[in-house]
Structures are given as C-alpha cells and as structure tokens.
Protein chains: 2
Amino acid sequence: MAVKKHDVERNPAQFLQERGFRLTPQRLMILAAITESQKHISAEEIYARVSAQYPQVNISTVYRTLALLKEQGLVTETDLGEGRVRYHAADKGHHHHLVCQSCGAIFDLDEALLEPLERSLLDEYNFEADIRHLAIFGRCSRCRQRAAPAKGQEVIDAHP
Amino acid sequence: MAVKKHDVERNPAQFLQERGFRLTPQRLMILAAITESQKHISAEEIYARVSAQYPQVNISTVYRTLALLKEQGLVTETDLGEGRVRYHAADKGHHHHLVCQSCGAIFDLDEALLEPLERSLLDEYNFEADIRHLAIFGRCSRCRQRAAPAKGQEVIDAHP
DNA sequence: CGCCTTTTTGCAATAAGTTGCAATTACAAT
DNA sequence: ATTGTAATTGCAACTTATTGCAAAAAGGCG
C-alpha cells in the first residue's frame with residue numbers, strides 16, 4: 001500500500017504516544033523537520049526550521065528530542081567527520097557511508113556489506129550490534145591512485 | 001630485539017622530526033603522557049598530567065597535538081560514547097570495542113574480525129578503510145538475556 | 001653562536017552539545 | 001471542563017573541542 005503524505009508524519013508520532021511519550025508541538029515539529037528533509041540534517045538546521053514557525057523553542061529541546069528519537073530507533077545519527085552530527089529518519093532505509101580522508105568525498109555503502117560482521121559478532125560474542133548508520137573513514141579509489149602524503153611527500157615505505 | 005624503556009618515547013618523536021615537524025617540549029610531554037598511560041586516555045587527562053610539570057601549557061595545544069599524532073598514525077582515537085574521546089598509542093596494537101548500550105560494559109574485540117569487511121571494501125569499492133580503533137554499539141550477551149525495553153516494557157514486535 | 005623563516009603556541013572567542021532546575025504543559029482521571 | 005501529576009520545556013551555566021591571530025620558539029644556515 002502506498003503511504004499517504006501525512007502518514008510519514010503521523011506514524012512516528014503514534015509510535016511515541018503508544019510508548020507513553022507525550023506529543024508536544026516541539027516534538028511534532030522536530031519530527032516533521034527530519035522526515036521532510038530529503039538529506040541528512042543537522043541539529044542546528046532542525047532548530048532553524050522549527051524556530052522559524054515557533055520561535056520560542058530552545059536548542060536544548062532539539063537535542064533532547066533527537067536523543068529520544070534515536071533511543072526509540074526512529075532516527076539514526078551519523079558523524080561524517082564534519083564537526084557536527086547529522087540525523088536521518090530511520091524508516092527511510094539504513095545505509096552507511098565511506099568518507100575519504102584525503103578529498104572529503106562521501107560514498108554510499110550498501111547495508112548488506114555489514115551483515116557478515118554483524119553475524120560474526122552475534123555468533124562469536126553473542127553481541128547484538130546496532131549499526132544503523134555508520135561512517136567508515138579511509139581513502140577513496142581516486143585518492144589512492146594519486147600521490148599520497150602531505151608533508152614528507154616522498155614515500156618512505158619499503159614495501160611497494 | 002627488546003625495546004628499551006626510552007625507545008618508547010623516542011621513536012614517535014624521531015618519526016615526527018623526520019617528517020619535518022618540530023619537537024617542542026609540549027609535544028614530547030604529550031607523547032610521553034600517552035605512551036606511559038596503560039589505558040585509553042582523554043585529552044583532559046593528558047592536559048592534567050602535562051600541566052602538572054609544565055603549567056603554562058594550553059589545552060588547545062593538547063588538542064592540536066592529538067590531531068597531529070592521529071593524522072600521522074601515531075595515536076588512535078575512539079569514541080566510547082562517554083561524551084569525550086579517548087586516545088591510545090597506535091603501536092600498542094590495534095583493537096576494537098563492543099560497547100553495550102544497556103549496561104555500559106565495554107568488551108575488547110579482536111582486530112581480525114574487521115578484516116573481512118576491510119577486504120570487501122577494498123575489493124568492491126577500491127576503498128582503503130582506516131579502521132584502527134572502532135567502537136561498535138549494541139547489546140551484550142547478558143543484557144540480551146534479561147528483559148528488554150525501558151518504557152513500553154511489553155514487546156510489541158511481531159516476529160519472534 | 002646568533003640570525004632568519006616557518007612552525008608552533010597561548011590566548012581568547014566561538015561552536016557543538018549537555019545538564020540541573022524551576023516553570024510549564026500533556027493527558028488521564030475525575 | 002477542571003484538576004492533578006509526571007513528563008517536558010526553557011533557561012542559563014557548563015563541558016568538550018575548534019579556530020584566528022599575534023607572540024614565541026625550533027631548527028637550518030651562515
């Protein structure tokens with residue numbers, strides 16, 4: 001069945017209410033800001049959007065609401081290494097990111113690639129990993145082909 | 001060959017100097033604080049140790065030195081979810097951590113478990129992952145056996 | 001040894017995120 | 001509709017980390 005426009009906003013709200021959390025206007029607006037955002041959104045951006053319609057809202061409410069939504073599995077949080085964290089509606093599908101430390105490029109990574117790791121953690125450690133939105137840092141294809149270091153320039157490495 | 005006590009401190013310093021970085025007393029003391037610490041140490045703890053002998057040092061120097069050491073691969077940084085990040089000498093061996101979100105317990109994880117993932121990132125994406133000190137969040141064995149949620153208590157999940 | 005250049009530091013301001021507490025408010029029960 | 005109460009918010013203070021800039025200092029060179 002097709003999801004109607006409004007369900008996107010109503011469902012996480014209902015979920016919260018069923019769990020005994022109160023539906024405050026602040027929470028509804030923060031939820032709306034996240035679900036309506038097509039990309040990963042930061043706390044500051046959420047705050048900007050919400051306070052445009054509801055100026056007395058406080059940034060700490062945004063952070064506390066994000067913590068709640070994350071705890072309840074409704075949003076995922078990712079640190080892309082920007083000095084600030086970004087959020088994403090969990091029901092829009094899990095995925096991960098490869099972040100190139102040389103050029104800053106960000107690539108999407110299929111969720112399936114982490115499954116073997118999750119399975120071995122479960123099998124070998126009986127640990128139920130909660131890896132919903134991971135950023136893996138490293139060097140991308142293009143940067144690996146180009147020359148490498150920043151300062152020393154000449155490659156000292158003995159094993160080519 | 002056995003590593004003499006002093007080599008532990010001299011080697012990273014030499015490494016820095018060979019790369020053209022200056023050996024300042026601040027850097028040497030920060031390095032010493034990290035290598036002498038048997039456990040993962042925070043920036044604030046490094047600062048406390050260093051400023052005990054050298055009071056005019058500034059916390060921003062600690063952070064900048066940590067950024068440099070990390071960049072040069074001499075220390076690894078890990079966010080164990082404490083609201084502050086911890087550092088560890090890279091030459092003491094890489095390892096990872098499982099952090100239980102229910103009870104807070106932290107388990108060590110063998111580096112080998114991440115190798116298949118690193119290999120598939122290299123094979124499928126030509127991406128050279130730099131996973132040297134990862135914290136994976138989730139639920140540990142003990143917490144999985146006990147009852148689960150906090151607020152809603154009854155498990156609504158339809159697929160057991 | 002002292003000069004010179006470039007790196008590095010200290011300082012102060014700033015950013016991102018968290019927390020304690022009193023005031024407010026959602027919502028269930030009258 | 002009103003009330004009672006626990007959850008939630010706003011506020012202000014605080015913590016962790018980062019940054020611009022002028023002053024200080026490392027290390028190469030003469």
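Predicted model, so just to flag it, every value in this text is computed and none were measured. Per chain, numbering begins at 1; letters A, B, ... match sequence-line order.
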* Asked: Does anything in residues 44-59 of chain B reach DNA chain C, meaning a heavy atom under 4.0 Å, and if so which residues?
  -> Gln56(B), Val57(B), Asn58(B)

* Distance in angstrom units between Tyr63(A) OH and dT15(D) P, rounded -> 18 Å

* Asked: Side chain of Ser37(B), backbone of Ala33(B): donor and acceptor closer than 3.5 Å?
  -> no

* Asked: Do Tyr87(B) and Leu69(B) come within less than 4.5 Å of each other through their side chains, counting heavy atoms only?
  -> no

* Asked: Which one, dC11(D), dG17(C), dT18(D), comes nearest to the side chain of Ser60(A)?
  -> dC11(D)

* Asked: Within this structure, what is the CD-to-P distance between Glu82(A) and dT19(D), rounded to whole angstrom?
  -> 13 Å

* Structure fact -> Only residue of His133(A), His96(A), His97(A) satisfying ring pair (Phe, Tyr, Trp, His ring centres under 6.0 Å) with His88(A) is His133(A)

* **Backbone of His40(A) reached by a side-chain donor or acceptor of Arg86(A) within 3.5 Å** => yes

* What is the distance from CG of Leu69(A) to C1' of dT8(D), rounded to the nearest Å? -> 14 Å

* Quickly work out the Arg86(B) CZ to dA17(D) P distance and round it to whole Å. => 10 Å

* When you check every protein heavy atom under 4.0 Å of nucleotides 21-30 of chain C, what one-letter string (B, S, -) results, 5' to 3'? -> ----BBS---

* Enter the distance from Ile46(B):CD1 to Tyr63(B):OH here, rounded to the nearest 0.5 Å. => 9.0 Å

* **Between CD1 on residue Ile106(A) and OG1 on residue Thr78(A), distance to nearest 0.5 Å** => 10.0 Å

* Asked: Tell me, do Ile34(A) and Leu66(A) make a side-chain contact under 4.5 Å, heavy atoms counted?
  -> yes

* Return the value, rounded to whole Å, for the distance between atom CG of Asp79(A) and atom P of dT18(D). => 11 Å

* Asked: Roughly how far, to the nearest 0.5 Å, is the CE atom of Met29(A) from the OG1 atom of Thr24(A)?
  -> 10.5 Å

* Is any side-chain nitrogen or oxygen of Arg27(A) closer than 4.0 Å to OP1 or OP2 of dT8(D)? -> yes

* Gap between atom CG of Leu114(A) and atom CG of Leu121(B) - 0.5 Å precision -> 8.0 Å

* Rounded off to whole Å, could you give me the CD-to-C1' distance for the Glu77(B) and dT18(D) pair? => 13 Å

* Just how far, in rounded Å, is C1' of dT8(C) from CD of Gln72(B)? -> 15 Å

* To do: Measure from CG on Leu68(A) to P on dG17(C) and round the result to the nearest Å.
  => 17 Å

